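Within every chain, numbering begins at 1; the chains are lettered A, B, ... in the order of the sequence lines, protein sequences first and strands thereafter. Predicted model, so just to flag it, every value in this text is computed and none were measured.
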Amino acid sequence: MSRRLARAATCAVALGAASTPLVWMAIAGVLVWAARPSGLPRLGAVNPVAALGAFAGTCATAGIALVLAVPVGIGSALCLSDQHWGRAGAVLGFGVDALAGIPGVVFGLWGYQLLVPRFGGGDLLVAGLVLAAMVAPACASGCVRALSRVPVAVREQGRVLGFSQWQTLGGLIVPLAWRDMAAGVVLALGRAVGETVAVLMVGGGGVGPAGWRQPVTTAAALLLADVRLAAADPAGHAARALARLALLLFATTCVVRLAAIALQRTSAPDRAGAGGE
Amino acid sequence: MIRAARPLDRLAGGALWVALAVVLLPLAGMVWLAVRHLPAVWLAPRGLWPAIRGSLSVVGVGLALAVPAGLCGGVWVAEVRQGFLARAVRLSAALLGGASGVVVGYAALFALVHGFGWGFGTAAGGLALAAVMLPQVVGATTEAVAAVPDALRDASLALGANRRTTVWRVVAPAAAPRILAGVLGAASLGIGETAALACTLGWTGVPSAAGSYLTRAVWSSVRRPESGAAALAVLLLVVLALRAAADRMGGRS
Amino acid sequence: MSPFGGAGGLGAVPAGQSAVPCFRAEDFHLFCTAGELLRGVDLVVPGGRITALIGPSGAGKSMLLRSLNRMHDRVAGLRVTGGLWFREQEIYAPDLDPVCLRRRVGMVFRQPVVFPASIFDNVAYGPRVHRLELGPAGLATRVERCLRAAGLWDEVRDVLRQPAGRLTGGQRQRLAIARALAVDPEVLLLDEPTATVDPVATARIEDALLRLRGALTVVVVTHNLAQAARISQQTVFMLEGRVVESGPTEVVFHQPRDTRTEDYLTGRFG
């Protein structure tokens with residue numbers, strides 16, 4: 001009786017657990033179904049959905065964001081991970097974590113009201129800057145986590161060897177944590193790739209990356225901007241072309257995540273020395 | 001000779017401080033945007049009620065779906081650890097967590113709103129939001145349960161408790177604060193989601209007046225700073241409060 | 001049967017228990033992915049006494065102890081050969097439910113573990129999990145009796161409802177003993193129970209173990225030879241995954257048959 005109950009409970013939990021892969025498969029399946037080929041023009045050929053240009057815009061904006069954000073993100077993570085200043089450090093750390101969790105639409109409004117007027121209109125540069133502002137705290141937050149996983153004993157070892165603070169950081173801690181830090185950066189990149197509304201607000205709504213000061217759009221932004229086309233004719237050309245774009249974006253974000261997983265899998269400084277008898 | 005700190009070290013330290021300041025700069029800008037039109041912020045919430053209500057209901061539906069499923073998934077990954085299902089959950093949660101809200105939203109639009117004919121509304125929005133929040137809950141639960149030391153499990157097993165009892169009575173209470181923190185984080189993610197809701201509840205670009213929600217209020221007020229400030233203030237306040245609460249919860253365990 | 005009469009002096013082995021040994025091992029091997037950890041253990045643990053398992057690090061003492069109530073079951077690639085019996089029951093028999101076994105064979109670990117709950121709830125955990133129908137008063141009596149048996153009652157009688165996390169290390173270890181006793185086990189296995197606590201707490205824990213002698217079979221792994229000599233009636237010396245010598249403590253300590261035992265006891269290695 002109780003054994004049967006136990007088995008039922010386990011089955012229920014397994015069923016609940018299975019819902020996550022099922023949701024992923026459902027989304028992939030819907031997109032594949034929606035994008036199925038049917039003799040209609042290929043990806044990118046359907047006007048007004050300039051899909052490939054938009055995808056190039058995704059790469060350009062994400063690239064700019066990454067170049068700008070990674071140095072400051074890692075720098076502030078190193079600054080924060082050195083916990084010598086108690087309460088102030090906690091407040092600043094909370095600020096960075098909170099900023100990493102602030103929705104894209106807020107960044108978009110920030111860019112629209114504070115950056116766009118100064119730059120005289122939305123363009124590739126502004127979009128890159130706003131994405132960089134989003135990516136940097138995410139990057140910093142991920143790197144702080146990676147650094148905090150390095151055992152305290154390693155830090156002490158640096159002190160014992162007479163290393164300065166920065167020698168300890170560069171010589172002992174970062175070599176142990178760099179894979180996790182890289183994974184954090186890649187995850188932050190994923191955020192830049194998938195961001196929609198912020199780019200829509202500050203990108204100026206161009207076609208592709210034509211120049212620094214030219215309007216730009218990204219795959220995600222274009223998808224949302226043109227959703228009404230799909231809504232207007234759910235079975236038509238636009239819906240199908242957009243679904244292909246969505247599938248491309250979905251695949252891109254999945255690849256980015258897989259890269260992060262591959263980076264994390266081979267690194268586990270916290271596993272060493274944990275447990276045992 | 002013993003020197004206090006080398007100049008290069010001091011320079012490096014200074015550079016890192018500058019980096020931190022640059023990262024935090026946008027936060028200051030956002031707070032300024034939110035409080036710039038303080039009287040408007042004070043008066044406007046009345047007009048924001050529909051948006052707040054809409055956000056709450058759709059996030060509520062999303063959490064009601066995502067939390068049980070995410071708890072099961074996280075517990076399975078962290079407790080069972082091996083086997084096909086655990087690997088599938090871990091991988092799919094990671095992949096789903098990276099998916100853009102607009103992709104989830106588009107799939108929901110295609111399948112739920114049009115395909116099943118649900119139309120724009122809380123049902124489709126809640127389901128799309130659940131897909132956005134689910135990986136967050138799975139990840140937080142996995143981390144929380146995995147952080148419970150094995151010694152605690154062994155102590156319970158050694159008393160003759162079985163696996164299920166051990167998870168329920170020992171592991172769950174120990175992991176509860178961090179799980180709750182993860183749920184709060186997921187809620188803040190859901191409140192801030194725009195694109196997925198735009199596709200399922202409607203917005204200015206989508207022909208539907210079905211839904212009003214906070215991020216839409218922020219977005220649609222983009223050309224009117226006064227009313228935008230109120231929506232922004234509410235959104236910022238909610239997100240920061242949820243994050244702070246999650247921090248407190250997670251820090252206690 | 002209440003195991004906590006407080007009577008049991010030296011040699012007070014309840015009749016009938018001496019006939020069948022509490023644990024018996026014959027050519028018991030244990031393998032895991034890391035290799036062969038136990039290499040043919042032959043052992044007899046008599047009931048109702050305190051048996052000390054001694055030997056240098058890596059001798060397989062903890063491994064053997066954890067085999068006795070199947071705490072290894074989650075270890076990857078675990079495989080055993082040979083025989084290991086608890087009374088008449090083969091421990092690694094495929095149809096044996098490890099949960100039932102562990103209820104009869106309790107265990108206390110090296111690192112004191114408290115559940116994130118009150119002191120009372122920690123001790124009451126076992127009876128509640130096993131749905132022992134004690135009633136509220138019966139449960140309180142059981143908790144008090146076990147805390148007394150573990151020598152902790154006088155220190156915690158007024159703070160039973162406070163979180164157990166506030167206890168000191170030595171108190172936590174005695175709480176773990178009380179918690180293990182609360183399910184009325186026939187055997188108590190202890191894996192270096194005093195390795196992480198101070199001498200005063202060690203003395204309290206040893207007192208508690210001596211009080212349990214006679215009513216309960218106790219198997220204790222220890223690195224502390226003086227402790228083994230102080231509290232045990234039987235001593236088992238292990239080396240490299242095998243039992244080198246076992247017998248009454250006085251004999252093993254004063255007239256060891258094997259030179260390796262003598263070398264270890266006199267401090268030539270280990």
Side-chain angles (χ1 to χ4, degrees), chain A residues 6 9 13-14 16-21 23-24 27 30-31 34 72-73 75-76 78-79 92 94-99 101-106 109-110 112-114 133 136-137 140 164-166 190 194 196-197 201 220 223-225 227-228 231 234 243 246 249-250 253-254 256-257 261 275, chain B residues 6 9 12 15-17 19-20 22-24 26-27 29-30 33 68-69 72-73 75-76 85 88-89 92-96 98-104 106-107 109-111 114 131 134 138 150 164 188 192 194-195 198-199 205-207 215 218-219 222 225 228 232 235-236 239-240 243 247:
Chain A
V13 173
S19 63
T20 310
V23 166
W24 185 84
I27 291 173
V30 165
L31 291 180
V72 284
S76 44
L78 293 180
C79 191
L92 292 173
F94 173 75
V96 169
D97 274 349
L99 205 50
I102 279 179
V105 68
V106 176
L109 195 68
W110 168 78
Y112 187 82
Q113 296 199 343
L114 294 185
S164 78
Q165 205 174 322
W166 307 109
T196 309
V197 201
M201 289 164 96
L223 199 52
L224 185 56
V227 148
R228 93 170 102 46
L249 190 57
F250 190 56
T253 50
C254 285
V256 168
R257 281 278 165 150
I261 291 173
Chain B
R6 274 170 286 188
D9 279 2
L16 298 192
W17 272 105
L20 184 59
V22 168
V23 168
L24 286 173
L27 188 59
M30 288 165 197
L33 281 182
C72 292
V75 167
W76 196 275
L85 184 58
V89 172
S92 61
L95 296 183
L96 200 57
S100 171
V102 72
V103 172
V104 175
Y106 190 77
L109 175 75
F110 194 90
H114 293 317
L134 182 57
V138 172
D150 269 347
R164 189 170 45 106
S188 105
T194 313
C199 294
V206 178
T215 43
V218 173
W219 160 240
V222 68
L232 184 68
L235 188 58
L236 263 184
V239 169
L240 289 180
R243 183 79 28 184
D247 254 32

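The heavy-atom pair separating A131(B) from I27(A) by the smallest distance is CB-CD1, 4.3 Å. Residues V23(B) and V72(A) approach most closely at CG2-O, 3.8 Å, considering heavy atoms. Counting all heavy atoms, side chain and backbone alike, D97(A) lies closest to R243(B) at O-CD, 4.1 Å. Looking at every heavy atom in both residues, A17(A) comes nearest to V89(B) through O-CG2, 3.3 Å. Shown here for S19(A) and A69(B), the closest heavy-atom pair between the two residues is OG-CB, 3.1 Å. Across all non-hydrogen atoms, the minimal contact from L95(B) to C254(A) is CD2-O, 3.5 Å.
The contact between P26(B) and chain A is made by backbone and side chain atoms together, counting heavy-atom distances below 4.5 Å. Only the side chain of V239(B) comes within contact range of chain A, with heavy atoms under 4.5 Å apart. For a residue to count as touching a neighbouring chain, one of its non-hydrogen atoms must lie under 4.5 Å from one of that chain's; by this rule V96(A) touches chain B with backbone and side chain alike. Of the atoms belonging to L31(A), it is side-chain heavy atoms, and not backbone ones, that fall under 4.5 Å from chain B. Contact annotation for A98(A): both backbone and side-chain heavy atoms come within less than 4.5 Å of a heavy atom of chain B. Heavy atoms closer than 4.5 Å to chain A are found in the side chain of L134(B), but not in its backbone.
Side chains of L114(A) and L33(B) form a contact here, defined as non-hydrogen atoms less than 4.5 Å apart.
Ranked by heavy-atom pairs under 4.5 Å with chain B, the list G190(A), P21(A), A140(A), A136(A) is led by P21(A). Note on L85(B), V75(B), V22(B): by heavy-atom pairs under 4.5 Å with chain A, the leading option is L85(B). Among P137(A), A246(A), A133(A), A34(A), the residue with the largest count of heavy-atom pairs under 4.5 Å with chain B is A34(A). Note: A94(B) leads A94(B), A111(B), A99(B) in heavy-atom pairs under 4.5 Å with chain A.
Between the S100(B) side chain and the G194(A) main chain, a donor and an acceptor come within less than 3.5 Å of each other.
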Quiz item: Should L235(B) and V105(A) be marked as a side chain to side chain contact (heavy atoms under 4.5 Å, CB included) after you check the CA-CA gap, both sets of side-chain angles, and the distance that decides it?
Solution: CA-CA 10 Å; L235(B) 188 58; V105(A) 68; 4.0 Å; yes
Exercise. List the steps and the verdict of side chain to side chain contact (heavy atoms under 4.5 Å, CB included) for V103(B) and T253(A).
Key: CA-CA 10 Å; V103(B) 172; T253(A) 50; over 6 Å; no
Practice problem: Given side chain to side chain contact (heavy atoms under 4.5 Å, CB included), test M30(B) with L99(A) step by step and report yes or no. | Solution: CA-CA 10 Å; M30(B) 288 165 197; L99(A) 205 50; 4.3 Å; yes
Self-check item: side chain to side chain contact (heavy atoms under 4.5 Å, CB included) between L27(B) and I102(A), intermediate numbers included
Solution: CA-CA 9 Å; L27(B) 188 59; I102(A) 279 179; 3.7 Å; yes
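A distance of 12.0 Å separates CG in L109(A) from OG1 in T215(B), rounded to the nearest 0.5 Å. Atom CD of Q113(A) is separated from atom CG of L232(B) by 8.0 Å, given to the nearest 0.5 angstrom.
Applying the side-chain contact (heavy atoms from CB on, under 4.5 Å) test to L16(B) and every residue at least two apart in sequence or in another chain returns L78(A), C79(A), W166(A). Qualifying ring-ring contact (aromatic ring centres under 6.0 Å, His included) partners for W24(A), counting only residues two or more places apart in sequence or in other chains: F250(A).
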